[in-house]
Each structure stands twice: as C-alpha cells, then as structure tokens.
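The structure under discussion appears below in the form of structure tokens.
All values below come from the heavy atoms of this structure, side chains included, with hydrogens, waters and symmetry mates left out. The shown structure was predicted, so the numbers you read here are calculated from the model rather than taken from an experiment. In what follows, every chain begins at residue 1, and chains take the letters A, B, ... in the order their sequences are listed.
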There are 2 protein chains.
Amino acid sequence: MSPYDPSAFPPFAVTVDLVVLTVRRHALCALVVRRGESPFQGRWALPGGFVREDEDLGLAAARELGEETGLHAHDPAAPAPDNGAHLEQLGTYGDPRRDPRMRVVSVAHLALAPDLPAPRAGGDANSARWAPVETLLHHESDVGRDGEQPVPLAFDHARILADGVERARSKIEYSSLATAFCPQEFTVGELRRVYEAVWGVALDPRNFHRKVTGTPGFLVPSGGTTTRQGGRPAQLFRAGGAALLNPPMLRPEV
Amino acid sequence: MSPYDPSAFPPFAVTVDLVVLTVRRHALCALVVRRGESPFQGRWALPGGFVREDEDLGLAAARELGEETGLHAHDPAAPAPDNGAHLEQLGTYGDPRRDPRMRVVSVAHLALAPDLPAPRAGGDANSARWAPVETLLHHESDVGRDGEQPVPLAFDHARILADGVERARSKIEYSSLATAFCPQEFTVGELRRVYEAVWGVALDPRNFHRKVTGTPGFLVPSGGTTTRQGGRPAQLFRAGGAALLNPPMLRPEV
DNA sequence: CCAAAAGTGTTTCCTCTACACCCATGA
DNA sequence: TCATGGGTGTAGAGGAAACACTTTTGG
C-alpha cells in the first residue's frame, strides 16, 4: 500500500479548540461558549472551529481567538509588548469517539489574556462567558449566576481545559508568561495576585517583590505610579524582554 | 454554516511521526528511515504513518513504534519498570505546504528508548538507522558511514526532530525520564553519561552521584554491582517510582 | 489618627559548586 | 604497581523562607 494513495487513508475533520484563560476578581477564568446545536446542545464548550483549507494551525487558532475576543495573538518577534494575548499550541485530541458523529481531531491551543471587558460572541452574554476554571472542572456550582444546571463541559473539553490550566500553572514558574495576564502597565502587587490566582496559593509580598524586581529583564519600570490598589503608591512596570526566568519562581508545596 | 455539516469542512490526512531518541556511544541519536518513494525519495525521514480509521493518536504512535523498533510503549500505570520506551505526544504540524501533494496534519510523538541492538525495518540496514541528532540537524556530514550525501531530512522533519530534542533536553531536568535511556539495571555513572550525551556537557561525577542517590524515589538499588565500565565496582540501580525530580537536576549554563 | 498596601533589612536554612580525598577493581 | 572509575567529606557562595520594620497614600 502506497502511504499516499488518496484512497488509502481515512479522511479526518481537523478543528482548533481554544483554552483562553484570564484572571478576574482573584480567580482563574476560562472563556466558554454555549452550544446552539446537537450534540451537547445548550452545554458550555470551549470556543473553536474548523481549520480552513489553506490555513496553518496557529493561524486558525489566532483567527478563532480574534473572532471570540477581539484579541490578536502576540507576535513574539514584536519589539515591544503589544497587549496581544499569548498563544501557543497545547496538544491534540483525537479519540475516535470524542465526537459521536464523525472522526474529528482537535488541535487545542492555549491563550493567556488580560482581563477583558466582556466576551462578545454575537454580543450575546448568554452565548459566551468567563467562568472560573474551578467551577468548570469540578462543576460544583453554576457556571453563571442565574440558576443554570451545573453540567460538565461538552465533548472532552474538561480534559482539554484541565491540561491547559496545568500548562499555564507550570509555565509561569519558569517564564515571564504571567505578565500576559496583566494590562500593559501593572504593579508588582497586581502581578503577584496573578500568581496567587493561577496557583491558588498565597505568596509572601515582600519576597515576591524582591524576586521579580531582582530578576534582570523581567520587569522594566515605566516611570509612573498608581494607588489603584489602595495604600502607598506603587511603581508601574511593563513586561521586560526576558522570556525565561532563571532562577524560576518557586511554587509552594501543595 | 453548521459547523458539523459534512460538506462544510475540508478533509485532512492525519499521520503520526515519531522522534525516537536513544544514546549510543556517548551521542544522542534518532531513528530515521529512508524514503522509498516520491517526494523526497531516497532521503532520510522520521518514521511514521497514517492514523487508522478507529485508532486513537497515542495508539497509532505506539503501533508505529512497535513496528519500527520492536519496543512497546511504557504503560505509566505499570507497577514495575517494564523496559518499554517512554512515549508522549510532542506537537502537531499542519502547515498547508508541508506535503506537496495533499493536506497532511502530523501529530508528532517523542519516544525515549534504551540502546537497542539495531533497527529492523524489513531487516534492511539501509532503510532504517540510528543517526546522531547533531548530524541530522546540521547535516555537516554523512548520516551513515559509506559516502552518502549530507542532505537534510524530508518534509519538516528537521524542525520536528529539533523540537523533540529540545523537549527531551528540558524534560530530563525536572523528571526521571533520563532512566528511559538506560537498561533496566544501570549504574550512576551510566545515568550520568546519559545526561552528558543529551545535554552535551560534562557533569561533576561526585556531585551527580550525591544528587541522584539523595533524591528519594529516583533510584532504588537492585543489590548487584558491576565493573563493566572498569574501575571500582559500581552499585546497580533500577528506576524508582518518582516521576518528578524536586529539586530539579540543574543544566549548566551554556 | 488608623488601615492598607508598598517596599527594605536581616537571619536562618538549604542546595549547589568545587575540589580534596579515599576505595576497589583490572591489567 | 598504576590507571580507572566509584564514592564521601567539606568549605563557601547564593537563593529562598520567614518575619520585623519603615514608607506613603486614602479616609
């Protein structure tokens, strides 16, 4: 059998699914959309869609991200931070039974975004929403606030979301990715609250401050200060160019 | 457009490609096979093949690995090390032009194997071979020893191989994966030579010994000793159950 | 004034590094 | 005997944890 005989391989549908994470009100949240059709009609799912005929996988993910959030993916080659989201490939999910109707292989991507005004899938707040990942993964309570049933995510999206959350948790240890959750200018305390929300732990503010300001290339002072968190005015920083943190930020033991 | 209308999505071919790494004669080597047909006929490529109709991606990768090497993939749930290779998903490559004839999405997997007798693709030594990754990636010299041309790998396989090597290099820092390159029983010095080959650096034997024997769950003594490396008899160990190394093995600065 | 958040200093502990030194074999 | 690799001891550098303390705002 010639491995490239067009009649010799089964056809697959290929999609991209997005794990879009942000930090809102001290909680790690993911973007979910409500499915309008079967299967899993009415259930929450990760945003995603088919890869087009002549589209690279990363491009398809960036296009979906833009359609769902208005964000553009951050170009790693750009000289200055552009407030775009971080976007990377997460993993590929291809269980033959993950979609009951046909063979679908989904290339999941992970996006990290700053806190955004609100999702805008058709401008309908009922069809797209930020939900705490803790709720989505353990479905102990409603996704929303208005008496909906606590149901798990559609397809294998709970597994994909869990993998994305785990990737984000481990990656902020040794990279400067946590700044992707912050606005362009932020304080050390705001950055610390990102780590605390993603890891679900409390960090010592004094040691954290020393650590991040003492790591060359991680943060650059923008000159301004703010009191938006109350208390003594805090210096404002932007993300520095350094991508890797060495030595890494240590996550406290569980 | 309904996202699941069967006429609304383009069909893709889905393959798995394998980055199979081992350590031979103090060098990190990868398994390559010679292509028998166009395109890239006669060039070396990573082993791989089509995912079957009802096959999960990891299963397809394990099947290809068995066909190429006779290894079975290590079951993480097995209580004792079974001398199977470590196998994990690496990443997915789907550039529309990566195969000149059709749209192929390749789900690359990374396998780490102990030093094996010899590849056995059809029993033909000219069609499958271990080659040093340094040679494959920089094609500074022949892949083999018999005057072949130094040509780059077929398709985007050089990129996939580079990603796999980078994954292996970083993963042995914080996991016990380096033992996957060793036979069931091995000495501390043999394990150290694995790290040195994968990282391409020299490590202090005294500190390395203290580090690995002092990390609980990393190594368990098997009771025996050997002098196969010369010098004083060395204790034999097996891989312990611990998957994560904490604190990690530190890779010296470049 | 007080509360709250931002920062700094200091002590203790622990790990990594570097290297001196000893051990047990084969040739 | 020597060469070779295996293994232990130890002093110093550097980072992290824990926490006392000062600074600068708003109310």
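The shortest distance between the side-chain N/O atoms of B:His209 and the OP1/OP2 oxygens of D:dG7 is below 4.0 Å. In terms of phosphate contacts, A:Lys211 brings no side-chain nitrogen or oxygen within less than 4.0 Å of OP1 or OP2 of D:dG15. Put simply, A:Arg206 has no side-chain N or O that comes within less than 4.0 Å of OP1 or OP2 on C:dA5.
A:Tyr195 places a side-chain N or O within donor-acceptor distance of the main-chain N or O of A:Ile172, the cut-off being under 3.5 Å. With hydrogens and angles ignored, the 3.5 Å screen pairs no side-chain donor or acceptor of B:Thr187 with any backbone N or O of B:Leu236.
Of all nucleotides listed (D:dG7, C:dG7, D:dA16), D:dA16 comes nearest to the side chain of A:Leu250. Taking every side-chain heavy atom of A:Ala234 into account, C:dA6 is the closest of C:dA6, D:dG7, D:dA16. Picking from D:dT25, C:dT15, C:dA18 the nucleotide with the shortest atom distance to the side chain of B:Pro247 gives C:dT15.
Residue contacts for A:Arg193: at a heavy-atom cut-off of 4.0 Å it reaches the sugar-phosphate backbone alone, with no base atom in range. Using a 4.0 Å heavy-atom cutoff across all strands shown, B:Arg192 reaches sugar-phosphate atoms only and no base atom.
Between A:Leu203 and A:Phe208, the shortest heavy-atom distance links the atoms CD1-CD1, 4.0 Å.
In this structure, B:Phe208 atom CZ and C:dT15 atom P are separated by 18 Å, rounded to whole Å. As rounded to whole Å, 11 Å separates atom P of D:dG6 from atom CZ of B:Phe237. At whole-Å resolution of the value, CG in A:Asn207 and C1' in C:dA6 are 14 Å apart. D:dC21 atom P lies 16 Å from atom CG of A:Asp204, rounded to whole Å. The nearest whole Å value for the distance from the CG atom in B:Asn246 to the C1' atom in D:dA16 is 13 Å. Taking atom CG of B:Leu191 as the reference point, atom P of D:dG6 lies 12 Å away to the nearest angstrom. The CZ atom of A:Arg228 sits 17 Å away from the C1' atom of C:dA4 (whole-angstrom rounding). We find that CD of A:Gln229 is positioned 23 Å from P of D:dT23, with the value rounded to whole Å.
For A:Gln235 and A:Thr225, the side-chain atoms include no donor-acceptor pair closer than 3.5 Å.
Side-chain to base pairing of A:Arg210 with C:dG9: one donor and one acceptor N or O lie within less than 3.5 Å of each other. In the interface, the side chain of A:Arg232 is not paired with the base of C:dA5 through any donor and acceptor atom under 3.5 Å apart.
Under the 4.0 Å criterion applied to side-chain N and carboxylate O atoms, A:Asp163 and A:Arg167 are not assigned as salt-bridge partners.
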